[in-house]
Amino acid sequence: MKIKLPEILNDKLSKSINEAKLQFDKLVSKEGKGNDFLGWLDLPVECKGYLEEIKETAKEFSAGLDVVVVVGIGGSNLGAKAIYEGLKPKFEKPQLEILFAGNNLDEDYHYELVEYLNDKQFGIIVISKSGTTTEPAIAFRILREKLEKSAGKEKASQRIIAITDKEKGALRKLANEESYKTFVIPDDVGGRYSVLSPVGLVPLAVAGIDIEQLCKGASEMRKVLFEDKSDENVAFRYAAARNLLYEQGYKVELLVNYNTSLITFAEWWKQLFGESEGKEAKGLFPASANFTTDLHSLGQFIQEGSRILFETVISVGQTKHDLIIPADDDNTDGLNYIAGKKIDFVNKMAMQGTYLAHTSAGVPNIIIEIDKVDEYNFGGLIYFFELSCAISGYMLGVNPFDQPGVEAYKRNMFALLGKPGYEEEGEKLRERLNNS
């Protein structure tokens with residue numbers, strides 16, 4: 001992995017990198033805020049201990065199934081979904097279809113999912129530490145009922161994997177009662193940092209993703225980032241650069257890709273940085289764009305709109321396939337000047353042209369280069385962003401491992417739904433809504 005930073009940061013970069021180094025030392029010595037949630041630091045090493053069990057379980061579990069529904073929300077599904085959707089063939093129907101539920105409260109989505117499963121042999125992977133988070137709990141209740149009715153309760157219990165707390169919680173209790181196969185969410189790993197735990201690895205293994213290569217990429221990235229204490233450490237440089245840009249008044253970081261395989265990865269990245277840094281009235285707003293598609297919508301604003309954002313561009317070196325632009329005798333579309341070129345060559349020229357246009361217009365660009373989109377590079381990219389985010393959060397002066405603001409909407413929702421214990425609060429909220 002390589003990183004290129006905006007030249008406008010050169011004067012202050014060294015000082016900011018030194019601050020990043022100090023915060024890294026605080027992180028690994030467990031002296032910073034949220035130090036009881038640092039188990040993710042060692043997941044690339046520890047995951048080797050349970051890869052075989054996960055692979056064996058995945059093979060047995062998926063046998064005879066047409067579909068597996070992964071039920072979870074936020075960190076419980078975004079990592080696995082990002083990697084799965086980044087690596088699965090775009091137009092080839094897989095032998096085992098992986099679907100996702102419990103990540104929204106859209107009735108039509110879940111109704112159509114249930115209908116789709118009518119003639120399918122399906123299984124469920126439910127991921128929740130407590131088992132009571134509203135969105136996945138509703139989806140799991142509905143899907144479990146359907147599975148038990150179609151397959152019978154005993155067979156259904158063999159088609160459910162629960163990834164949950166080791167000892168407590170509603171899902172753990174149900175899993176014990178129904179004898180589901182279970183994996184543990186580590187107590188010291190928060191959801192958005194959990195991709196390299198069973199939370200991400202189990203559904204990915206079931207989907208046929210090479211989880212050994214994923215962990216290898218993360219492990220080797222960890223080794224590089226921990227051993228390189230120089231100013232060239234890519235995590236130090238990224239954390240330092242984004243904090244400098246924040247101090248200079250930029251409010252939005254736009255994660256940009258030129259490869260559709262990274263679209264869902266950006267959703268995982270947005271949660272990682274949004275929940276980690278968005279607190280105490282601080283933090284960059286994490287947004288994303290897929291170029292060149294979004295150049296035809298957001299491009300105008302980026303080029304000439306208010307100067308509130310900078311771009312972090314993930315540049316991919318190699319494509320999986322070659323597709324050459326053919327020549328045309330009539331040349332009606334005027335494209336013969338690029339005949340014989342790969343589409344990726346045109347894509348790279350679009351990326352370079354966009355870089356020149358946006359930077360000339362005063363939009364700073366951070367460029368992160370990876371070799372290709374595969375399990376190994378996904379593993380490295382995930383660990384790079386996790387470590388960078390933790391360092392960056394400490395530089396910002398916040399606890400990057402909690403998310404107290406997420407509870408506000410939940411409390412209001414419970415009160416409006418009439419959950420026991422929230423009745424008085426619900427009355428006040430309904431009155432407020434009626435008067436608004």
Side-chain angles (χ1 to χ4, degrees), residues 1-10 82-83 85-93 234 237-238 241 245 250 252-267 269-270 287-378 380-381 384:
M1 177 185 290
K2 297 179 181 178
I3 190 167
K4 179 181 179 181
L5 304 181
E7 292 182 0
I8 61 170
L9 302 180
N10 287 351
I83 296 167
E85 295 193 350
L87 295 177
K88 72 173 183 177
K90 300 293 183 294
F91 303 104
E92 175 186 325
K93 188 168 183 178
V234 288
R237 293 177 72 81
Y238 178 54
L245 289 165
Y250 294 95
V252 177
E253 179 176 11
L254 188 68
L255 188 73
V256 172
N257 74 79
Y258 286 78
N259 298 73
T260 58
S261 296
L262 295 172
I263 291 176
T264 311
F265 179 79
E267 299 303 308
W269 175 89
K270 284 190 285 190
S288 64
N290 177 43
F291 289 174
T292 59
T293 302
D294 290 335
L295 286 173
H296 295 263
S297 54
L298 299 176
Q300 173 62 39
F301 180 92
I302 297 168
Q303 189 70 36
E304 296 184 346
S306 55
R307 303 293 79 177
I308 61 171
L309 63 83
F310 67 91
E311 294 169 299
T312 295
V313 180
I314 301 179
S315 173
V316 179
Q318 306 170 35
T319 57
K320 297 175 185 176
H321 310 288
D322 293 342
L323 187 58
I324 306 299
I325 300 168
D328 186 286
D329 290 341
D330 295 328
N331 196 29
T332 307
D333 52 18
L335 291 180
N336 274 355
Y337 75 101
I338 51 173
K341 303 289 187 183
K342 286 180 59 180
I343 292 180
D344 189 57
F345 174 80
V346 180
N347 200 27
K348 293 288 197 301
M349 293 306 102
M351 181 171 65
Q352 292 180 22
T354 304
Y355 169 81
L356 292 170
H358 288 181
T359 54
S360 295
V363 181
N365 268 231
I366 297 172
I367 311 294
I368 295 170
E369 299 178 7
I370 63 172
D371 292 334
K372 55 186 175 181
V373 178
D374 61 5
E375 288 93 337
Y376 179 86
N377 280 278
F378 260 131
L381 200 57
F384 159 74

When the side chains of residues 365-372 are checked against the rest of the protein, which donor-acceptor pairs come out under 3.5 Å, sequence neighbours left out?
unit_1, atom_1, unit_2, atom_2, d
Asn365, ND2, Glu311, OE1, 2.9
Asn365, ND2, Val363, O, 3.2

Got a sec, which residues hit side-chain hydrogen bond (donor to acceptor under 3.5 Å, both in side chains) with [X], two or more places apart in sequence or on another chain?
X: Tyr376; answer: Glu220
X: Glu92; answer: none
X: Glu85; answer: Thr264
X: Glu7; answer: none

Just to verify, what does [X] make a side-chain contact (heavy atoms from CB on, under 4.5 Å) with, not counting sequence neighbours?
X: Ala287; answer: Val252, Leu254, Phe285
X: Ser306; answer: Phe301, Ile308
X: Asn336; answer: Ala327, Asp328, Asn331, Ala339
X: Glu267; answer: Leu78, Lys270, Ser288

Out of curiosity, [X] [atom1] to [Y] [atom2], how far, rounded to the nearest 0.5 Å?
X: Trp269; Y: Leu255; atom1: CH2; atom2: CG; answer: 5.0 Å
X: Phe345; Y: Ile343; atom1: CZ; atom2: CD1; answer: 13.0 Å
X: Ser360; Y: Gln303; atom1: OG; atom2: CD; answer: 8.0 Å
X: Ser315; Y: Ile3; atom1: OG; atom2: CD1; answer: 12.5 Å
X: Thr319; Y: Asn347; atom1: OG1; atom2: CG; answer: 9.5 Å

Listed partners of Phe384 passing ring pair (Phe, Tyr, Trp, His ring centres under 6.0 Å), at least two apart: Tyr238
Within 6.0 Å of NZ in Lys90, more than 12 heavy atoms from elsewhere: yes
Atom NZ of Lys320: over 12 foreign heavy atoms under 6.0 Å: yes
Can you see which heavy atom on Leu5 is nearest to which on Ala241, and at what distance? CD2-CB, 3.8 Å
Closest heavy-atom contact between Asp374 and Leu87? CA-CD2, 3.6 Å
Distance-only check: which donor-acceptor pairs under 3.5 Å involve side-chain atoms of residues 291-298, not counting sequence neighbours?
unit_1, atom_1, unit_2, atom_2, d
Asp294, OD2, Asn290, N, 2.8
Ser297, OG, Asp294, O, 3.3

Within the distance-only criterion (no hydrogens, no angle test), does the side chain of Asp330 pair as donor or acceptor with the backbone N or O of Thr332 below 3.5 angstrom? no
pair [X]-[Y]: side-chain heavy atoms closer than 4.5 Å:
X: Val316; Y: Asn377; value: no
X: Thr354; Y: Val256; value: no
X: Phe310; Y: Pro6; value: no
X: Phe265; Y: Ile314; value: yes

Filter on salt bridge (Lys or Arg N to Asp or Glu O under 4.0 Å), then keep only pairs touching residues 332-361, sequence neighbours left out; what's left? Asp322-Lys342, Asp344-Lys348
